[in-house]
Amino acid sequence: MADASDSWWRESFSRRVPGGLLAILRVYLGIVFLAAATAKMGGETSFAEGLPIILERLGESAYGFYRGFLGAVAIPYAGAVAGLVIVGEIVVAISLVAGVATRVGAVLAMVLTLNYMLLKGAWFWTPSSNDAAFFVIALVLYLGAAGRVAGVDALLAKRFPQVPLW
């Protein structure tokens, strides 16, 4: 016979996060990525021009294994990397705000924020790492299929129930 603490434990983990909270997190993270992309598109110098300097400066704090990637790919091809980062952030923003292909947007958000963390030498337990918080929010959005609440994914899931993107 199960005791009271065992039933409390099972009941605690059987509850679901209300969909409205997932929708709030989804839209919030989408707006954060939109603001980041918008900031990279404006300014006196282009993001592509300034990226090599940023990568070299922050690269000093990067994890050793990540420095190889910076030196071989990111810095020499900074223009292409800058374009990919901006496009990636815009795709994440549209995906999360509209709730369309939310799982794809969440995975892309995790990839971007993980790269930001590796570049900065931050990790999940670094107290000042907002990138870690964004990674965890994106993970929750992915696992919770957050686009099915007040998003286009809800309509797509009804029409195409076998597709795992929604």
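Computed from a prediction, not measured in an experiment: that's the story for all the values here.
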Main-chain N/O of [Y] paired to [X] side chain as donor or acceptor, under 3.5 Å:
X	Y	result
Trp166	Pro161	no
Arg67	Gly59	yes
Ser95	Val100	yes
Asp131	Thr113	no

**Item:** is_close_aromatic(Phe69, Tyr66), centroid dist under 6.0 Å
**Value:** yes
Roughly how far, to the nearest 0.5 Å, is the [atom2] atom of [Y] from the [atom1] atom of [X]?
X	Y	atom1	atom2	value
Lys120	Thr126	NZ	OG1	10.5 Å
Leu165	Arg103	CG	CZ	9.0 Å
Leu155	Arg148	CG	CZ	11.5 Å
Met110	Leu141	CE	CG	9.0 Å
Tyr116	Leu118	OH	CG	12.0 Å

Flag the pair [X] / [Y] as yes when at least one side-chain heavy-atom distance between them is below 4.5 Å, and no otherwise.
X	Y	answer
Leu96	Arg26	yes
Tyr28	Phe134	yes
Ile90	Met41	yes
Leu156	Val163	no
Glu89	Val85	yes
Val97	Leu34	no

Same hydrophobic cluster for [X] and [Y], using side-chain heavy-atom links shorter than 4.5 Å among ILVMFWY?
X	Y	result
Ile86	Ile94	yes
Ile137	Val91	yes
Leu119	Leu114	yes
Val87	Leu51	yes
Leu58	Tyr63	yes

Minimum heavy-atom distance between [X] and [Y], given as atom pair plus value:
X	Y	answer
Gly144	Leu22	O-CD1, 3.7 Å
Tyr77	Ala72	CE1-O, 3.9 Å
Trp123	Ala132	O-CB, 4.2 Å
Ala82	Phe47	CB-CD2, 3.4 Å
Leu112	Val92	CD1-CG2, 4.2 Å
Ala138	Ala106	O-CB, 3.4 Å

**Prompt:** Taking everything shown except Ile53 itself, do over 12 heavy atoms lie less than 6.0 Å from its CD1?
**Reply:** no
